[in-house]
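Just so we're on the same page: letters track the sequence lines, and every chain starts at 1.
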2 protein chains.
Amino acid sequence: MSAARPITLKALAQQLGLSPSTVSRVLSDPAGRDSKWAAPETTARILALAESSGYRPNPYAASLRTNRSNLVGVIVPRLQDYVLATIYEGIDEAALAQDYLTMVSNSLDVPERQRDKAERLLSHRVDGLIFGDASAANLPYLDELSGRGVPHTLVSRRVPGHVSVTCDDHEGGRLIARHLVASGRSCFGVIAGRPGTSTSIDRTAGFLDELEQLGVPRDDVSLISGGFDTPAGREAALRLLAERPSTDAIFAVNDFAAIGALGVLHARGIRVPDDIALAGFNDTALAAGVELTTVRSPMHEMGKRGYALLVEILGGGTPESELLTPELVIRATA
Amino acid sequence: MSAARPITLKALAQQLGLSPSTVSRVLSDPAGRDSKWAAPETTARILALAESSGYRPNPYAASLRTNRSNLVGVIVPRLQDYVLATIYEGIDEAALAQDYLTMVSNSLDVPERQRDKAERLLSHRVDGLIFGDASAANLPYLDELSGRGVPHTLVSRRVPGHVSVTCDDHEGGRLIARHLVASGRSCFGVIAGRPGTSTSIDRTAGFLDELEQLGVPRDDVSLISGGFDTPAGREAALRLLAERPSTDAIFAVNDFAAIGALGVLHARGIRVPDDIALAGFNDTALAAGVELTTVRSPMHEMGKRGYALLVEILGGGTPESELLTPELVIRATA
DNA sequence: CCGATTGCCACAAACGATTGTGGCAATCGG
DNA sequence: CCGATTGCCACAATCGTTTGTGGCAATCGG
């Protein structure tokens, strides 16, 4: 019932007839078995007792002394979003491998919430922050953090002036455009996602640039903004069909929006891809489930790199932003 | 560039000409404005300076002294799973409201990983744990935790001997069965999910019990186990169609598996629900997207209650497990 | 053979909070 | 008017680490 108070360093030292300092140095020496802080035999005794007694250093005492927490905070729009959840998994995996722990919070893409969550994390003295929700709307806060010297990196979305690791979204948009044109489509609709986010902006820009390059008149493509989720996709698809019935290809910049669109196409009895081709973005697990043509973005890798760059910054480095390469995944819908 | 060292309590006290103890008591008194630890005017001065100087108590120093961290650890099978992500959001929301922070980790439903992640969290001195991945396979570890006096609760899945908050899965299964029979179905397939988990076991048991009660011969229903995700659903559906072509209704105990099944039905040109009715479970966002008939389980609420019960335990209470009531959501597929 | 290294280890001062104890003045009760 | 209470506050110990400094013996170089 009563959770026994964990063994302390002092207790360990006492049992060993040593001073806490020696035990501490040996235990925290990365060299481990052959640390130079004690005689080999002493080192062995320390390691053995630490192991058998199940000693766990109290991280609070350590952090208090060292002023480092080995904790990184992560802010995402929403963990329910498969894409961000996957990126976070990548972050967490990389962090765990270095004995860092992570804490994650949802910002719901609203700036004051982002600020609130981030400050909360900072109150808990995280060593650095990783943002998955950067956008034009919260750029001021990010800039403030830079000014305050708070180490941070961005993943998934980029904004000017901050180190980020993102998918080459522009290129991703081009890939889709090329594929749709190659398969004979001529009247395009873009479900463009949330305004002010680089994922939305870059993907549609890439799409438009490639179309232009391929000689498609700008008049033959219509854009609809909204959100990244399924309901947003439904709504956008409805508007698209209403405003331009001649549409024969739809590019949703996010798989979830694409699935929403797919729902209305099915409901209308529109055949996919025969009547209208549909493509998404990200290659989430669901995309495979519904045979959706999409672009694979290396989400997991993005998280790992985002963490790695943060560590570089924490170490005093000044890394460059990274662009990960996307890959076209052709399935049944386009 | 250099992150200025945060203001300390001692510094505050010095500027105020008071002792740290007084400042500490006033600041941490929930009564706030009218705490009885100092003269009203003094209290006001303290509060004012704390505010204007942006004082943030160092949580490590506090935890070291109080032996409490105001941190709870959460273990889920996988955050990519919308269901668990939503439950976690509920946990986190409830925790934040009480100034608790949460840390979450994936166990991938493998027992040694669960143990590893949980121990890691315990090393960081979380006050308690919430498990979203309880199953027959890791029951021994959960029992061990009970023995060690580690406060914990379960969400989503239940297991004997541990306090949990789950959906009334048995009842949920009954709801689907009743609906399918009422709409004239007679040959049933169940995509049963991961063996050893209560969500799988209870939902199919409820389904079978209700069918029996409605007079459906046990021979007219076939069960297929596997996993909870989309690929598992695909595979199960394929087997189902092969083994029993007369099937006219499928109950997948999870929306994602259902969507996998939906994919193969579409691919085979089988009309839903005309040829085969399909129902899922959980009412995830995707279910609405594909017009899937399903059972709504209160995921967010589950998280909040799971946290609340943990707090009760931390306070020395001994709460009962809770069963949240599900709700049938009829859409297009059944 | 003697002074300088080197190997091994202990002392003690932090880190920044919380909290038991106690002191002094002003006010109260009778 | 006097002893007891109350209001307001300070002292100092403590939580469990890390780390600068230094001491003693054994070994080394010349």
Sugar-phosphate only, base, or nothing, as touched by B/Thr42 at under 4.0 Å among non-hydrogen atoms: sugar-phosphate

Nucleotide nearest B/Ala38 (side chain, heavy atoms from C-beta), chosen from D/dC15, C/dA10, D/dC9: D/dC9

B/Arg125 versus B/Ser69, side-chain donor and acceptor atoms under 3.5 Å: no

Interatomic distance, B/Leu18 CG vs D/dC8 P [rounded to whole Å]: 13 Å

Nearest-angstrom distance from the residue atom NZ of A/Lys10 to P of C/dA10: 15 Å

Under-4.0 Å side-chain N/O to phosphate OP1/OP2 contact, A/Thr8 with D/dG16: no

Sugar-phosphate or base contact per nucleotide [nucleotides 18-23 of chain C; S, B, -; heavy atom under 4.0 Å]: BBBB--

Protein-nucleotide distance (A/Leu64, atom CG; C/dA13, atom P), rounded to Å: 17 Å

Worked verdict on A/Leu314 versus A/Arg68 for side-chain contact (heavy atoms from CB on, under 4.5 Å): CA-CA 11 Å; A/Leu314 288 176; A/Arg68 283 188 113 244; 3.9 Å; yes

Nearest-neighbour nucleotide for the A/Ala39 side chain, D/dC15, C/dC9, D/dA10 considered: C/dC9

Short side-chain to backbone donor-acceptor contact, B/Thr153 and B/Gly306, under 3.5 Å: yes

Under the 3.5 Å Watson-Crick or G-U criterion, the dot-bracket string of DNA chain D, with | for inter-strand pairs: ||||||||||||||||||||||||||||||

Sole candidate of A/Glu93, A/Glu320, A/Glu322 that passes salt bridge (charged side-chain N to carboxylate O under 4.0 Å, His left out) when paired with A/Arg305: A/Glu322

Residues forming a ring-ring contact (aromatic ring centres under 6.0 Å, His included) with B/His162, sequence neighbours excluded: B/His152

Heavy-atom donor-acceptor pair, B/Ser135 side chain to B/Thr197 backbone, under 3.5 Å: no

Under 3.5 Å: donor-acceptor pair, side chain of B/Tyr307, backbone of B/Met302: no

